[in-house]
Amino acid sequence: MIPNYTPTNFIRNIIEEDLKSNKNGGRVHTRFPPEPNGYLHIGHAKSICLNFGLAAEYGGLCNLRFDDTNPSKEDVEYVESIRADVRWLGFDWQDREYYASDYFDRLYEYAVQLIKADKAYVCDLSADEIREYRGTLTEPGKDSPYRTRSVEENLDLFERMKAGEFPDGARTLRAKIDMASPNLNMRDPVMYRILPASHHRTGDKWCIYPTYDFAHGQSDSIEGITHSICTLEFEDHRPLYDWFLDELNIFHPQQIEFARLNLTYTVLSKRRLLALVEEGHVGGWDDPRMPTLAGIRRRGYTPEAIRNFCERIGVAKRNSTVDIAMLEHCLREDLNKRAPRFMAVLRPLRVVIDNYPENRVEELEAVNNPEDPGMGTRKIPFSRVLYIDREDFREDPPKEFFRLAPGSEVRLRYAYIIKCADVVKDAKTGEVSEIRCTYDPDTRSGSAKSSRKVKATIHWVSAVHSIEAEVRPYDHLFLKPDPDDVEEGADWRSNLNPHSLETLKSCRLEPNLAGATPGMRCQFERLGYFCVDPDTSEGKLVFNRTVTLRDPWAKIEKGQKKG
RNA sequence: UGGGCGGUCGCCAAGCGGUAAGGCCCCGGACUUUGGAUCCGGUAUCGAAGGUUCGAAUCCUUCCCGCCCAGCCA
């Protein structure tokens, strides 16, 4: 159940009006059109949810179409990851998996059609010359000297471009529109370029490839897309797409632009994500710190949380940056209801209960998920020697610190109330190495006399029964909400968080976690949500921290430190 | 200085002439064997200035600010 947080958005309004006026015979057909030149990220998820979501909502269809018009940058590795990611998010394009390259023959025919109508011409200008002739934002461009070639000559040259008679970049096919247009996209844009590259689908069949601008609108048209939803930067291109569609006189989809997603504490551009991977700032596209769907998935995010997030952030035309806290909130909300709870100690501190019998072991009952009684209970062993988290003990407790400190009492979750009697320190380092406590036998959880209250409850694990694990408590990839907020001369890389990856090797988990397999998600009580990483192997458990729990104490302490 | 698009609470975002939804964050408080969860309560006059109107965030005018466009990338 996804609550309807945003009752509407401007795209839904448009579609509803179109439906009312029976614009496309009541049909709603969208598409998600990625270029297979990188991994999908959370920003793409917004587009995927929008396109597939709208189609589902209005009883329509959504295609998956790869915009593969530039073989020099594309690769099958990417098409496979994209397929997997869309599927993982929970969407199904059935048999409608298309490729712009499926339409290369048709696009070629369209180009010939425009040449015949004297609306396109073969231009011999070099890339540099084209730029010079284009003019500037404030000055009109100049006509190419090749603009007036005859239809016959254009037909012949275009044919020969296709036949591979000319070297890379020697000529282009251009639309004959208006070199003085205030919209630079209308200044005789390139439709075809010579690119002697082997294509991941069409192999060496072609040595000329259509530009995105010449392929996209027509691809939508061919597929009968009614609502062609894209991001803001293509607004200026719409007049061009309209021009092609009108000159070709083919089905005219309606393009609607929305603002792409930006998130605090991360970067979301393909260029930068590629740089993070290639420069080794992260372990790969699926590094759990990456905002890629592959990374987020490995981190432990659920598709439900992401879909819900995409619904809540809404869709509009205003450039905006969503607080990552919103994403984290959606995740916690989902996991709170579903994740089984366990106890885990990340930074172990030995605790000995002096008045607890040496060899005694009790099996204590614990609730698997207080939000869902149906998830049942489990047994946890309790004994004389335990581990608690170092965070939960302070020799010199600050104000408001309710946990363990010399002379103070806390409840051990599902067990007894204990009192700290003594602190043992390492002779050399002076570091606290062990805590000696006493327990109150009358306070066992669930027992009749257990109603005594203490300020805090902490988690623990029985030393001899616990199992070891490695835990990676990830933090944001960047130090600042806006990675571009840098000193003069520095770039976004200078804001990378050096502590985004931490590895804790000697964590202790309750024994019920033995045998956990990669992908398993759970909550470590009081700490956060975690999931088993694929790095896990026989005898070596590895957990990723997906997100922490909300932590008021951390805020209080931070406030105290500031003064 | 050309063209396109935007500017409603700290962050997202509804609203389309009838007197500012919701979510996140934040701050109180209740409850609590997770300082979790849950539950209550609190926080904007709509970029600015004029104008039209009984009435404007919504219409008009002018101005200010931000983003995008000069790839044979998408």
Side-chain angles (χ1 to χ4, degrees), chain A residues 3-9 13 33-35 37 67 69-70 72-73 123 125-127 130-132 134-141 168-174 181-187 189-195 208-209 211-213 215-216 230-239 257 259 264 270 312-330 332-333 336-337 341 343 367 370-371 400-403 410-415 417 443 445-446 450-451 453-459 481 523-528 549-556:
Chain A
N4 196 3
Y5 292 100
T6 49
T8 188
N9 62 52
N13 291 344
E35 183 193 12
N37 71 341
D67 268 333
T69 54
N70 186 355
S72 64
K73 292 188 176 175
C123 181
L125 254 27
S126 70
I130 286 184
R131 190 179 318 120
E132 283 163 28
R134 186 155 33 223
T136 69
L137 294 178
T138 52
E139 303 155 29
D168 182 9
R171 290 184 225 258
T172 57
L173 181 72
R174 296 227 257 161
S181 171
N183 180 347
L184 304 226
N185 295 119
M186 300 299 271
R187 321 246 259 227
V190 171
M191 297 161 55
Y192 265 91
R193 73 279 213 187
I194 297 171
L195 215 63
I208 56 172
Y209 291 94
T211 57
Y212 174 84
D213 278 347
H216 193 82
C230 64
T231 43
L232 254 29
E233 67 271 28
F234 293 106
E235 235 163 350
D236 288 346
H237 297 239
R238 192 173 62 223
E257 307 86 7
T264 56
K270 279 189 181 181
R312 285 202 206 193
I313 55 175
V315 182
K317 299 195 71 157
R318 174 191 334 184
N319 289 111
S320 61
T321 302
V322 176
D323 191 335
I324 196 152
M326 177 81 95
L327 214 209
E328 295 174 342
H329 167 83
C330 292
R332 291 191 187 105
E333 182 179 64
N336 176 46
K337 286 178 292 191
R341 269 116 241 233
M343 291 204 283
V367 172
E371 302 297 315
E400 306 281 308
F401 184 84
F402 304 148
R403 282 106 96 149
V410 288
R411 157 145 246 133
L412 293 177
R413 172 133 248 226
Y414 297 124
I417 289 176
T443 56
S445 283
S450 72
S451 57
K453 305 278 186 199
V454 285
K455 277 275 201 179
T457 297
I458 64 173
H459 59 278
Q523 180 192 106
F524 287 168
E525 292 219 27
R526 303 208 308 127
L527 298 177
L549 253 28
R550 288 185 67 220
D551 187 358
W553 165 244
K555 255 173 232 161
I556 294 168

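No experiment lies behind these values; they were computed from the predicted model shown. Numbers restart at 1 for each chain; the letters A, B, ... are given by sequence-line order, proteins then strands. Values below: every heavy atom of this structure, side chains too, minus hydrogens, waters and symmetry copies.
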*Taking any strand in view, what nucleotide pairs with B:A56 in a Watson-Crick or G-U wobble way, both distances under 3.5 Å?*
none
*Work out which heavy atom in A:Tyr209 is nearest to a heavy atom in A:Thr69; give both atom names and the distance.*
CB-O, 3.7 Å
*Euclidean distance for C1', B:G47 against B:G6 (whole angstrom)*: 11 Å
*For A:Leu184 and A:Thr136, work out which heavy atoms get closest and say how close.*
CD2-O, 4.2 Å
*Are A:His459 and B:U34 close enough that a side-chain N or O sits under 4.0 Å from OP1 or OP2?*
no
*Taking the same atom, P, in B:G18 and in B:A57, what whole-Å distance lies between them?*
11 Å
*Given atom OH of A:Tyr414 and atom C1' of B:U32, what is their separation to the nearest angstrom?*
12 Å
*B:U61 and B:C5: how far apart are their P atoms, nearest whole angstrom?*
15 Å
*Looking at the side chain of A:Lys453, which of B:G15, B:G23, B:U33 is the nearest nucleotide?*
B:U33
*Protein proximity profile, nucleotides 35-45 of chain B - base contact B, sugar-phosphate-only contact S, no contact -, cut-off 4.0 Å on heavy atoms*: BBS--------
*In whole Å, what is the span from the CG atom of A:Asp323 to the C1' atom of B:C9?*
14 Å
*Roughly how far apart, to the nearest Å, are B:C64 and B:A37 at atom C1'?*
47 Å
*Write down the distance separating the P atoms in B:G42 and B:A70, rounded off to the nearest Å.*
50 Å
*asked:* Go nucleotide by nucleotide along RNA chain B from the 5' end; which of A:Leu327 and A:Thr321 gets its closest nucleotide reached first?
replied: A:Thr321
*Can you tell me the distance, in whole Å, between the CE atom of A:Met326 and the C1' atom of B:G23?*
5 Å
*Base-pairing assignment for B:C67 (Watson-Crick or G-U wobble, both under 3.5 Å)*: B:G4
*Complement of B:G22, any strand, by Watson-Crick or G-U distances under 3.5 angstrom*: B:C12
*Within this structure, what is the CE-to-P distance between A:Met191 and B:A74, rounded to whole angstrom?*
14 Å
*asked:* Can you list everything that forms a side-chain hydrogen bond (donor to acceptor under 3.5 Å, both in side chains) with A:Asn13? Sequence neighbours excluded, please.
replied: A:Thr8
_Say we look at B:G41 and B:C24: how far apart would their P atoms be, to the nearest angstrom?_
15 Å
*Spacing between A:Arg187 atom CZ and B:G4 atom P, to the nearest angstrom*: 13 Å
_Counter-base of B:U61, judged by Watson-Crick or G-U geometry with both distances under 3.5 Å_ = B:A49
_Looking at B:U33, which nucleotide sits across from it as a Watson-Crick or G-U wobble partner, both distances under 3.5 angstrom, or is there none?_
none
*List the atom of A:Glu525, the atom of A:Arg341, and the distance in Å for their closest heavy-atom pair.*
OE2-CB, 3.6 Å
*Taking the same atom, C1', in B:C60 and in B:C27, what whole-Å distance lies between them?*
42 Å
*Starting at atom NZ of A:Lys317, determine the distance to atom P of B:A13, rounded to an integer number of angstrom.*
13 Å
*Write down the distance between CD1 (A:Ile313) and P (B:A13), rounded to a whole number of angstrom.*
8 Å
*Can you check each nucleotide of nucleotides 67-73 of chain B against protein heavy atoms at under 4.0 Å and return B for base, S for sugar-phosphate only, - for none, in 5' to 3' order?*
SBBBSBS
*When rounded to the nearest 0.5 angstrom, what is the spacing between CD in A:Glu328 and CE in A:Met326?*
12.0 Å
*Can you check whether A:Thr264 has a side-chain N or O nearer than 4.0 Å to OP1 or OP2 of B:C11?*
no
*So how far is it from A:Arg403 CZ to A:Lys455 NZ, rounded to the nearest 0.5 Å?*
13.0 Å
*asked:* I want to verify the glycosidic state of B:G36; is it syn or anti under the 90° rule?
replied: anti
*For A:Asn70, what residues pass the side chain to side chain contact (heavy atoms under 4.5 Å, CB included) criterion, not counting sequence neighbours?*
A:Glu35, A:Ser72, A:Lys73, A:Glu74, A:Arg193, A:Leu195
*Under-4.0 Å side-chain N/O to phosphate OP1/OP2 contact, A:Arg318 with B:A13*: yes
*asked:* With nearest nucleotide decided by heavy atoms, which residue, A:Ser320 or A:Thr138, maps closer to the 5′ end of RNA chain B?
replied: A:Thr138
*Expressed in whole Å, how much space separates the P atoms belonging to B:C67 and B:C11?*
16 Å
*Locate the shortest heavy-atom distance separating A:Ile324 from A:Thr264; write the atom from each residue and the value.*
N-OG1, 2.8 Å
*asked:* Which residues pass the side chain to side chain contact (heavy atoms under 4.5 Å, CB included) test with A:Leu549, not counting sequence neighbours?
replied: A:Gln523, A:Tyr529
Under 3.5 Å, N/O pairs linking protein and nucleotides 18-20 of chain B:
none

*Please state how far atom CD in A:Glu328 lies from atom P in B:C26, giving the value in whole angstrom units.*
11 Å
_Need the pair for B:U43. Rule: Watson-Crick or G-U wobble, both distances under 3.5 Å, any strand; none if unpaired._
none
